[in-house]
Amino acid sequence: MTAVQDSPTARGAGANASANFKAASTASAADLADTPPERVAAIVTAVLKGVHEAIKEYDVNYAEFNAAKAWLMEVGEGGEWPLFMDVFVEHAVEEQVASSQKGTKGSILGPYYQPDQVKLGATCKLPRRDDEVGTPLVLEGQVRDIDGTPLAGSEVDIWHADSDGYYSGFAPHVPDGNLRGVVVTDEEGRFAIDTIQPAPYMIPHDGPTGQLIEASGWHPWRPAHLHIQVRAEGHRTVTTQLYFAGGEYLDSDVAEATKPELVLDPQDDGTGVRRSTYDFELERG
Ligand code: DHB
Ligand code: FE
């Protein structure tokens, strides 16, 4: 395991996730003006109603109200809102949006996507440190339209944690671009990505999100996963994650982002390399 002093703090990872979100997204609170006032009012009223009902049901007192206020302020000051939103809320939005999407099941994007990573050929090795530790893993497959047509030249954008559970760009000891790449499929829409098995990921636990998880008696873990976004011209992008059969926390993901259709079962090919096949299907749009 990586030495403790190398661990990213919640503040570091959180602030980084905030900066990442601001850089990648043009979203701003001013966008609320694009939503009709009746809809804003209806949604906010529903959220507040849930809060008011919880206060009544659990007979919440002033000490608890003030602790909640202080906690909300600390989440903002620590830059942890992207972490919190992606762990506790994004899965519900993803499921809602995915309910109208055919093809490969999606999952949450999470806070650690970085655009514009190195482009790689269809059969490739993901960039990694010379001394990268981890069980070799090969993910191969094909990108197709839902009608079965292979999608040549589509992009399989992949990023994942290392064998200690850290993401490049969000942990100071991991070089930029490590275990990230945009794989371009061949003329048959195929790809074969050589990488290493990621470890389960622990939500940074030394900040307010971690305090909440601990105070609730929950655990801060996500099962090991590969993040993948598949893009093909004229098709609806699929953002998803792939998990590993038998992996720890598969049935208790803190971010509730697993789906049975997204579980790989890699097999050792006899040389110590674990191999798995996964095909992606995209609908037109
Ligand atoms: C978080 C981290 C992830 O790697 C992920 O996939 C989802 C959420 C988080 O820390 O919020
Ligand atoms: Fe992740």
Side-chain angles (χ1 to χ4, degrees), residues 2 7-22 24-25 71 74-76 78-95 97-98 105-115 117 126 134 137 139 156-172 174 177-181 193 195-214 216 218-230 238-244 247-259 262-264:
T2 307
S7 301
T9 59
R11 183 167 282 268
N16 239 350
S18 282
N20 197 46
F21 178 73
K22 282 188 187 161
S25 169
W71 179 83
E74 284 173 29
V75 174
E80 284 196 31
W81 278 120
L83 300 184
F84 181 89
M85 292 294 282
D86 292 356
V87 169
F88 292 108
V89 183
E90 190 188 348
H91 68 88
V93 180
E94 193 284 320
E95 279 157 32
V97 172
K105 292 276 180 216
S107 185
I108 64 173
L109 177 72
Y112 297 147
Y113 176 64
Q114 292 184 319
Q117 297 302 303
L126 268 199
L137 174 73
L139 177 70
V156 179
D157 195 340
I158 178 168
W159 68 105
H160 66 85
D162 67 12
S163 63
D164 282 330
Y166 294 122
Y167 284 87
S168 59
F170 300 87
V174 184
N178 209 60
L179 301 176
R180 295 175 182 271
I193 305 165
T195 186
I196 55 116
Q197 171 73 37
Y201 168 82
M202 187 177 60
I203 306 302
H205 62 293
D206 56 334
T209 306
Q211 280 169 348
L212 175 75
I213 288 169
E214 196 177 320
S216 305
W218 301 332
H219 74 66
W221 290 93
R222 297 212 59 223
H225 55 278
L226 304 173
H227 288 272
I228 295 180
Q229 185 174 79
V230 186
V238 166
T239 300
T240 194
Q241 300 188 24
L242 296 175
Y243 303 90
F244 299 92
E248 246 184 315
Y249 313 113
L250 197 53
D251 299 322
S252 64
D253 179 7
V254 65
E256 296 183 52
T258 64
K259 295 182 186 178
L262 300 176
V263 180
L264 302 173

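Sequential numbering from 1 along the given sequence is applied to the chain's residues. Note that ligands are numbered from 1 as they come in the structure, with each ligand's atoms numbered from 1 the same way.
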_With a 6.0 Å cut-off on the ring centroids, do Tyr167 and His227 count as close?_
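Yes: the rings meet the under 6.0 Å criterion.
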*Trp71 and Phe84 aromatic ring geometry - parallel, tilted or perpendicular at 30°/60° bounds*: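 Correct class here is perpendicular.
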*Where the Fe ion (ligand 2) is the centre, what is the NE2-to-OH angle for His225 and Tyr167, rounded to 10°?*
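Value, to the nearest 10 degrees: 80°.
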*Any chance you could lay out the side-chain hydrogen bond (donor to acceptor under 3.5 Å, both in side chains) test for Asn178 and Tyr166, step after step, and finish with the verdict?*
CA-CA 10 Å; Asn178 209 60; Tyr166 294 122; over 6 Å; no
*Checking side chain to side chain donor-acceptor pair (under 3.5 Å) against Ser168, which of Arg180, Gln114, His160, Gln117 comes through?*
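Among the candidates, only Arg180 passes.
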*Not counting sequence neighbours, list each pair that qualifies as a salt bridge (Lys or Arg N to Asp or Glu O under 4.0 Å) and has a residue in residues 249-259.*
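Listed by first then second residue: Glu94-Lys259, Arg222-Asp253.
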*Below 4.5 Å, heavy atoms only, C-beta onward: do Thr258 and Val263 meet side chain to side chain?*
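Heavy-atom side-chain distance check fails, nothing below 4.5 Å.
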*asked:* What I'd like to find out is whether the side chain of Tyr112 reaches to under 4.5 Å of the side chain of Leu83, using heavy atoms alone.
replied: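 Yes, their side chains come closer than 4.5 Å.
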*Any idea which residues sit under 4.0 Å from ligand 1, heavy-atom distances?*
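Those residues closer than 4.0 Å to ligand 1 by some heavy atom are Leu83, Val87, Ile108, Gly110, Pro111, Tyr112, Tyr167, Tyr201, Ile203, Arg222, His225, His227, Gln241.
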*Taking both backbone and side chain into account, is any N, O or S atom of His227 nearer than 2.8 Å to the Fe ion (ligand 2)?*
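Within the cut-off used here (under 2.8 Å), His227 does place an N, O or S atom near the Fe ion (ligand 2).
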